[in-house]
Amino acid sequence: MPASTFPVSLVVIARNEAAVIGRCLDSVPFAAEKLVIDSGSTDGTQDIAQRHGARVVHQDWLGFGAQRNFASTQARQDWILALDADEVLSPELIQEMQSRLPQLLESQAAGAILTRQTWYMGAPMRWYRPMVRERHGRLYHRNRARWTDVRVHESLRFDGPTVRFEQPFVHHHNPTLVHRQLKILRYSELKARDWLERNRPVRLWMSPLVFIAAFLKDYVLRLGFLDGARGYVVSQMGASYAVYKRLRHYEMKRNPASRDLAAKALGLPDP
């Protein structure tokens with residue numbers, strides 16, 4: 001193994017990420033393996049990933065948590081760095097990892113917490129808390145951590161101590177509001193399915209209150225207003241998402257046939 005690499009597998013789950021997958025893979029020069037778990041791309045993502053040094057494994061979509069846990073089983077290294085296709089390591093984080101990884105990989109730690117900086121509408125957010133120095137578990141030993149088994153909004157659960165890296169990795173948020181709206185539709189569909197399976201009460205009457213509370217939480221408490229117009233946009237979108245997934249939950253209960261129709265429209269697996 002070249003001296004510049006570490007026994008770490010970079011793992012990316014992807015579908016139709018041709019525009020960004022190469023940038024993501026190239027941002028981790030020290031990984032001994034780069035692995036892309038593809039769930040059926042039709043835009044050439046697989047070929048681009050291979051040209052950028054990745055091994056590509058196909059897996060039909062299982063939901064975010066299950067897909068990431070499947071990816072962990074396919075990696076050739078026990079230590080895994082999980083990135084989304086629209087994320088990259090910053091040069092500063094690369095340097096910090098190259099300095100600290102040898103000690104971490106020899107330890108009994110379960111993993112590491114990384115800090116994420118989000119770019120939104122072409123520039124970094126400066127104040128809005130969920131997009132500034134956001135903490136995520138992304139580096140882990142696969143025998144000491146596991147992703148929560150949910151369809152969307154999964155998180156990493158560690159079975160042991162963790163360390164924290166200070167320098168950020170970068171999230172290039174949806175390139176347009178059109179992309180963001182499409183993602184909201186998909187995420188809402190997945191979240192509503194989870195609620196339906198758990199037989200969660202609908203409480204549709206709460207939707208106006210949910211919108212107001214979600215907007216004020218993001219715009220005021222999370223300091224979105226300090227990011228100006230972009231802070232307003234992200235707060236508005238977040239509040240709309242909070243309401244829309246509740247509307248879809250209600251529709252699924254009111255009209256079960258809507259699940260199949262929506263899945264086809266969004267290109268999701270059959271319910």
Side-chain angles (χ1 to χ4, degrees), residues 10-28 36 64-65 67-68 80-97 111-140 147-148 150 152-156 162 164-188 190-191 213-242 244-245:
L10 167 64
V11 174
V12 183
I13 59 174
R15 184 176 185 272
N16 291 336
E17 301 285 4
V20 294
I21 191 69
R23 178 181 63 188
C24 173
L25 295 170
D26 291 346
S27 77
V28 189
V36 171
F64 280 96
Q67 195 82 354
R68 291 195 190 276
I80 294 171
L81 173 63
L83 291 181
D84 292 338
D86 59 358
E87 296 172 341
V88 297
L89 299 190
S90 66
E92 296 79 10
L93 182 55
I94 293 173
Q95 185 175 1
E96 183 181 8
M97 284 191 164
I113 306 299
L114 307 186
T115 301
R116 186 168 77 171
Q117 170 72 53
T118 294
W119 280 55
Y120 189 71
M121 291 186 171
M125 296 293 274
R126 300 297 185 187
W127 294 98
Y128 177 58
R129 288 180 177 177
M131 292 185 174
V132 178
R133 299 200 65 80
E134 189 180 13
R135 297 179 185 179
H136 291 276
R138 292 299 187 86
L139 179 62
Y140 60 101
W147 295 92
T148 53
V150 294
V152 67
H153 301 316
E154 76 287 3
S155 60
L156 195 58
T162 61
R164 181 181 171 189
F165 285 83
E166 295 299 327
Q167 298 301 323
F169 70 107
V170 178
H171 176 211
H172 293 278
H173 203 273
N174 304 102
T176 70
L177 290 182
V178 175
H179 291 80
R180 179 57 181 164
Q181 287 283 44
L182 291 172
K183 182 174 285 187
I184 284 175
L185 290 174
R186 294 188 179 96
Y187 279 19
S188 297
L190 297 172
K191 177 57 71 173
F215 180 83
L216 291 177
K217 179 180 179 181
D218 279 346
Y219 195 63
V220 179
L221 298 180
R222 291 177 167 177
L223 306 182
F225 71 96
L226 292 177
D227 274 305
R230 291 186 303 146
Y232 171 80
V233 172
V234 76
S235 301
Q236 171 78 23
M237 298 287 283
S240 297
Y241 169 56
Y244 177 74
K245 59 189 175 184

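No experiment lies behind these values; they were computed from the predicted model shown.
For Gln95, the CD atom sits in a loose shell: 12 or fewer heavy atoms of surrounding residues, nucleotides or ligands are nearer than 6.0 Å. By the 6.0 Å contact criterion, CZ on Arg164 is enclosed, its count of non-hydrogen atoms from other residues, nucleotides or ligands being greater than 12.
At distances below 3.5 Å, at least one donor-acceptor pair connects side-chain atoms of Thr176 with backbone N or O atoms of Val178. No donor-acceptor pair under 3.5 Å is formed between the side chain of Gln167 and the backbone N or O of Ser90. Arg138 contributes no side-chain N or O that, together with a main-chain N or O of Thr115, makes up a donor-acceptor pair within less than 3.5 Å. A donor-acceptor pair under 3.5 Å is absent between the side-chain atoms of Thr148 and the main chain of Glu154, judged by distance alone. A donor-acceptor pair under 3.5 Å is formed between the side chain of Ser27 and the backbone N or O of Cys24.
Pairing each heavy atom of Val234 with each of Gly231, the nearest pair is CG1-O, 3.3 Å. Minimum interatomic distance between Val12 and Ala85 (heavy atoms only, all atoms of both residues): CG1-N, 3.7 Å. When every heavy atom of Lys191 is checked against every heavy atom of Val152, the shortest pair comes out as N-CG1, 3.8 Å.
Residues satisfying the side-chain hydrogen bond (donor to acceptor under 3.5 Å, both in side chains) criterion with Tyr140, sequence neighbours excluded, are Ser72, Trp147.
Using a 4.0 Å cut-off between charged side-chain N and carboxylate O, Arg222 and Asp227 make no salt bridge.
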query = Hey, mind stepping through Tyr187 and Tyr244 against ring pair (Phe, Tyr, Trp, His ring centres under 6.0 Å) and telling me if it holds?
reply = CA-CA 10 Å; Tyr187 279 19; Tyr244 177 74; over 10 Å; no
request  = Start with the C-alpha distance between Phe64 and His153, add both sets of side-chain angles, then the distance that settles side-chain contact (heavy atoms from CB on, under 4.5 Å), and finish with yes or no.
outcome  = CA-CA 7 Å; Phe64 280 96; His153 301 316; over 6 Å; no
ask   = Hey, mind stepping through Leu25 and Val36 against side-chain contact (heavy atoms from CB on, under 4.5 Å) and telling me if it holds?
value = CA-CA 9 Å; Leu25 295 170; Val36 171; 4.1 Å; yes
request  = Might you work through the side-chain contact (heavy atoms from CB on, under 4.5 Å) test for His136 and Ile113, ending with a clear yes or no?
outcome  = CA-CA 5 Å; His136 291 276; Ile113 306 299; 5.9 Å; no
inquiry  = Is there a side-chain contact (heavy atoms from CB on, under 4.5 Å) between Leu10 and Leu83? Walk through the geometry before answering.
reply    = CA-CA 7 Å; Leu10 167 64; Leu83 291 181; 3.8 Å; yes
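Leu114 CG to Phe165 CZ: the interatomic distance, rounded to the nearest 0.5 Å, is 7.0 Å. Between the CG atom of Leu182 and the CG atom of Leu177 there is a distance of 11.0 Å, given to the nearest 0.5 Å. Interatomic distance, CH2 of Trp127 versus CZ of Arg129, reported as 10.0 Å (0.5 Å rounding). The CZ atom of Arg68 lies 11.0 Å from the CD1 atom of Ile80; values are rounded to the nearest 0.5 Å. In this structure, CG in Asp218 is found 12.0 Å from CE in Met237, a value given to the nearest 0.5 Å. Here the CZ-OG distance, from Phe225 to Ser235, works out to 10.5 Å after rounding to the nearest 0.5 Å.
For the pair Lys217 and Phe215, the cation-pi test (distance below 6.0 Å, angle within 45°) is failed.
Contacts classified as salt bridge (charged side-chain N to carboxylate O under 4.0 Å, His left out) and involving residues 113-128 (residues at least two apart or in different chains) are given here: Glu87-Arg116, Arg116-Glu134. Identified under the salt bridge (charged side-chain N to carboxylate O under 4.0 Å, His left out) test for residues 169-186, with sequence neighbours left out: none.
Asp84 places none of its side-chain heavy atoms less than 4.5 Å from the side chain of His171. Tyr120 places a side-chain heavy atom less than 4.5 Å from the side chain of Met131. With a 4.5 Å cut-off on side-chain heavy atoms, Met125 and Arg230 count as touching. Proximity of Val11 to Leu81: side-chain heavy atoms (C-beta onward) are nowhere separated by under 4.5 Å. Between Arg23 and Ile21, every side-chain heavy-atom pair lies at or beyond the 4.5 Å cut-off.
Looking at Asp86 and His173, their side chains never bring a donor and an acceptor atom within 3.5 Å of each other.
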